[in-house]
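Please read the structure below before turning to the comments.
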Protein chains: 4
Amino acid sequence: MTKNADLSVDIFQITTGSSEPIYRQMVEQLRRQILGGQIHAGDAMPSVRDVASGLGVNPMTVSKAYSLLESDGLLVRRRGLGMIVAQRHTQFNEAESRLELLRPSLERVGLEAQQLKLATADVLQMLREILERA
Amino acid sequence: MTKNADLSVDIFQITTGSSEPIYRQMVEQLRRQILGGQIHAGDAMPSVRDVASGLGVNPMTVSKAYSLLESDGLLVRRRGLGMIVAQRHTQFNEAESRLELLRPSLERVGLEAQQLKLATADVLQMLREILERA
Amino acid sequence: MTKNADLSVDIFQITTGSSEPIYRQMVEQLRRQILGGQIHAGDAMPSVRDVASGLGVNPMTVSKAYSLLESDGLLVRRRGLGMIVAQRHTQFNEAESRLELLRPSLERVGLEAQQLKLATADVLQMLREILERA
Amino acid sequence: MTKNADLSVDIFQITTGSSEPIYRQMVEQLRRQILGGQIHAGDAMPSVRDVASGLGVNPMTVSKAYSLLESDGLLVRRRGLGMIVAQRHTQFNEAESRLELLRPSLERVGLEAQQLKLATADVLQMLREILERA
DNA sequence: GTGGTCTAGACCACA
DNA sequence: GTGGTCTAGACCACT
């Protein structure tokens with residue numbers, strides 16, 4: 001994979017049935033992929049229209065996601081040219097930091113497991129299977 | 001803990017800032033605690049008014065949660081006496097079934113871990129610490 | 001003026017002909033009025049629909065402004081009840097701090113005056129007239 | 001400074017982050033400097049390519065600014081030789097007229113100062129410091 | 001070509 | 001009643 005390449009449209013995996021809004025799914029997915037190093041600083045994002053037609057959603061929905069990512073500092077808008085992945089957030093890639101981003105979801109799992117009175121070993125086993133399957 | 005006791009208001013742990021609606025947090029938490037056996041059939045639920053003032057939320061929100069739990073068959077309304085935990089759902093607590101209830105949250109963790117390019121061992125280790133701390 | 005009152009719709013003065021987008025005009029105006037102490041913490045904002053029909057703009061435009069102000073921490077959304085002015089930004093009211101918010105506009109005036117080779121006294125005199133007229 | 005000199009690239013001070021488009025910043029800045037007498041009729045403008053590389057902007061952006069200035073009559077295109085500052089607009093520099101060009105920016109400052117509830121004396125003092133520093 | 005803004009109108013979730 | 005989301009489609013500005 002070369003740097004500064006154009007990203008394919010299928011960087012987004014949208015679930016339209018979810019209660020989580022589409023634009024928010026896009027924001028969270030892109031954030032994780034940038035921080036995870038799967039998307040590099042300087043990469044050109046696919047255009048709003050391309051993503052919209054590729055996913056079958058309204059361009060405004062995509063635009064909203066891009067705008068939020070821009071105000072977050074993860075994307076940079078180049079007027080008339082499109083958006084690219086920002087530089088300054090790419091150094092935030094140490095595995096330890098990324099693991100911390102997963103903590104809220106794990107805390108949620110912890111609370112639910114406690115309320116369900118589940119054994120630690122059973123929960124860890126199920127998660128191991130899911131992780132190794134992916 | 002004895003059976004048919006009065007339940008305290010703090011069976012609910014509400015996060016008002018969350019995007020998950022309050023009534024839904026209450027429904028899911030109570031469901032898990034009933035299925036996990038931490039709340040028993042016949043236990044008396046605290047009144048709508050007590051829960052509302054205790055948590056600082058709108059009484060209509062609590063009422064909506066109770067209504068959903070009632071139409072789910074988890075609570076039973078006793079006219080003029082308040083609500084109690086229903087009988088028929090308490091037997092549904094085989095560990096295997098309860099574990100399945102946790103699967104959606106674990107699947108979500110799996111997707112996020114993949115996008116963050118995290119190592120399986122690191123994720124499992126963090127979850128183990130959370131589970132053993134609780 | 002009492003605290004926690006409902007704000008009238010005419011807190012916004014929109015210029016539709018301007019190149020500055022409507023939602024941005026609203027954001028900046030409200031920010032200044034909050035920091036200037038003309039709008040108090042806890043005040044209820046007029047509803048999206050009321051503002052929209054009052055100004056003759058689309059509700060989504062108003063909603064966009066409100067959303068930006070919320071992510072800025074100046075407004076707080078209360079689900080199903082509307083938005084109120086946040087608490088924490090009201091202490092930032094010292095005159096000195098507010099004056100700093102005006103600096104960018106004054107710097108712009110300074111650059112333009114320099115390029116037009118205008119005399120300091122003339123510029124100050126014109127600004128004085130404008131300020132005393134308001 | 002002698003007449004009919006070559007102008008350096010740094011007659012333009014561009015802010016790429018601004019919401020004001022680059023070509024518009026260039027147009028307004030050059031207009032003010034011509035009317036203010038800092039740029040004289042007959043002076044040679046730097047080439048599109050020099051300005052573009054000097055400022056790090058797209059050559060088409062510089063070209064658009066030059067074209068607008070030409071259709072405004074402020075610049076004259078000399079085939080194969082580049083552009084020079086036109087004659088006819090240089091006489092338009094009575095101080096009173098130039099001051100009027102600053103009025104819109106001052107009106108804007110007035111509105112913002114009012115919304116920030118600032119004292120006239122404080123605003124004038126800050127502007128004085130900026131003007132005397134320049 | 002790019003993204004930004006706005007409209008009109010629909011539907012949903014929350015209190 | 002409140003705000004949020006999404007669509008379809010138009011128009012604009014920048015490069």
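In what follows, chains carry the letters A, B, and so on, assigned in the order in which the sequence lines appear, proteins first and then strands, with residues in each chain numbered from 1.
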Note to self: On DNA chain F, compare the nucleotides closest to V48(C) and G80(A); which residue's is nearer the 5' end?
What the structure shows: V48(C)
Next item on the list: In whole angstrom, give the distance that lies between atom CD of Q25(A) and atom C1' of dG4(F).
Entry: 15 Å
Margin query: Is the phosphate of dC6(F) approached by Y23(A) (side-chain N or O, under 4.0 Å from OP1 or OP2)?
Written below: no
Margin query: Without decimals, in angstroms, what is the distance between R49(C) CZ and dA8(E) P?
Written below: 16 Å
Item checked: Dot-bracket encoding of pairs in DNA chain F, which uses [ ] for pseudoknotted crossings and | for another strand, Watson-Crick or G-U under 3.5 angstrom -> ||||||||||||||.
Check: How many Å lie between CZ on R79(C) and P on dC12(E), as a whole number?
Finding: 19 Å
Check: Would a 4.5 Å heavy-atom cut-off, applied to side chains only, mark I11(A) and P46(A) as touching?
Finding: yes
Next item on the list: Please work out if V57(B) contacts a base, only the sugar-phosphate, or nothing of the nucleic acid, heavy-atom cut-off 4.0 Å.
Entry: nothing
Check: Is a donor on one side and an acceptor on the other found under 3.5 Å between the side chain of D72(C) and the backbone of L74(C)?
Finding: no
Next item on the list: Could you state the atom-to-atom distance from CE of M26(C) to C1' of dC6(E) in whole Å?
Entry: 13 Å
Notebook entry, point to check: If only side-chain N and O atoms of K64(A) are considered, is one of them under 4.0 Å from the OP1 or OP2 phosphate oxygen of dT5(F)?
Noted result: yes
Check: Is P59(D) close to R49(D) at the side-chain level, that is, under 4.5 Å between some pair of heavy atoms?
Finding: no
Check: Just checking N58(D): base, sugar-phosphate only, or nothing, at a heavy-atom cut-off of under 4.0 Å?
Finding: sugar-phosphate
Next item on the list: Using a 4.5 Å cut-off on heavy atoms from C-beta on, say whether the side chain of R77(B) contacts that of S67(B).
Entry: yes
Check: Whole-Å distance between dG1(E) P and R78(A) CZ?
Finding: 17 Å
Next item on the list: Taking only the side-chain nitrogens and oxygens of S63(C), find out if one of them lies under 4.0 Å from OP1 or OP2 of dG3(F).
Entry: no
Note to self: Nearest heavy atom decides the nucleotide; on that basis, is P21(B) or E70(A) closer to the 5' end of DNA chain E?
What the structure shows: E70(A)
Notebook entry, point to check: Is there side-chain contact between V51(D) and M26(D), with at least one heavy-atom pair below 4.5 Å?
Noted result: yes
Next item on the list: Could you tell me whether a side-chain N or O of T61(C) sits under 3.5 Å from a main-chain N or O of V57(C), the two making a donor and an acceptor?
Entry: no
Notebook entry, point to check: Atom CG of L69(C) to atom C1' of dG3(F): distance rounded to whole Å?
Noted result: 14 Å
Note to self: dT7(E), OP1 or OP2 - any side-chain N/O from T61(C) closer than 4.0 Å?
What the structure shows: yes
Margin query: Any heavy-atom pair between the side chains of R32(B) and Q114(A) that's under 4.5 Å?
Written below: no
Checklist line | Under 3.5 Å donor-acceptor, Q115(A) side chain and G36(B) backbone | finding: no
Notebook entry, point to check: Considering heavy-atom distances to DNA chain F, does G56(A) or L81(A) have its closest nucleotide positioned more toward the 5' end?
Noted result: G56(A)
Item checked: Presence of R77(A) side-chain N/O under 4.0 Å of dT2(E) phosphate oxygens OP1/OP2 -> no
Next item on the list: Let me know the distance between CE of M45(A) and P of dT2(E), rounded to the nearest Å.
Entry: 14 Å
Margin query: Measure CE/M60(A) against C1'/dA8(F) and give the value in whole Å, please.
Written below: 11 Å
Next item on the list: Take R24(C) and R24(B), find for each the nucleotide of DNA chain E with the closest heavy atom, and name the residue whose nucleotide sits nearer the 5' end.
Entry: R24(C)
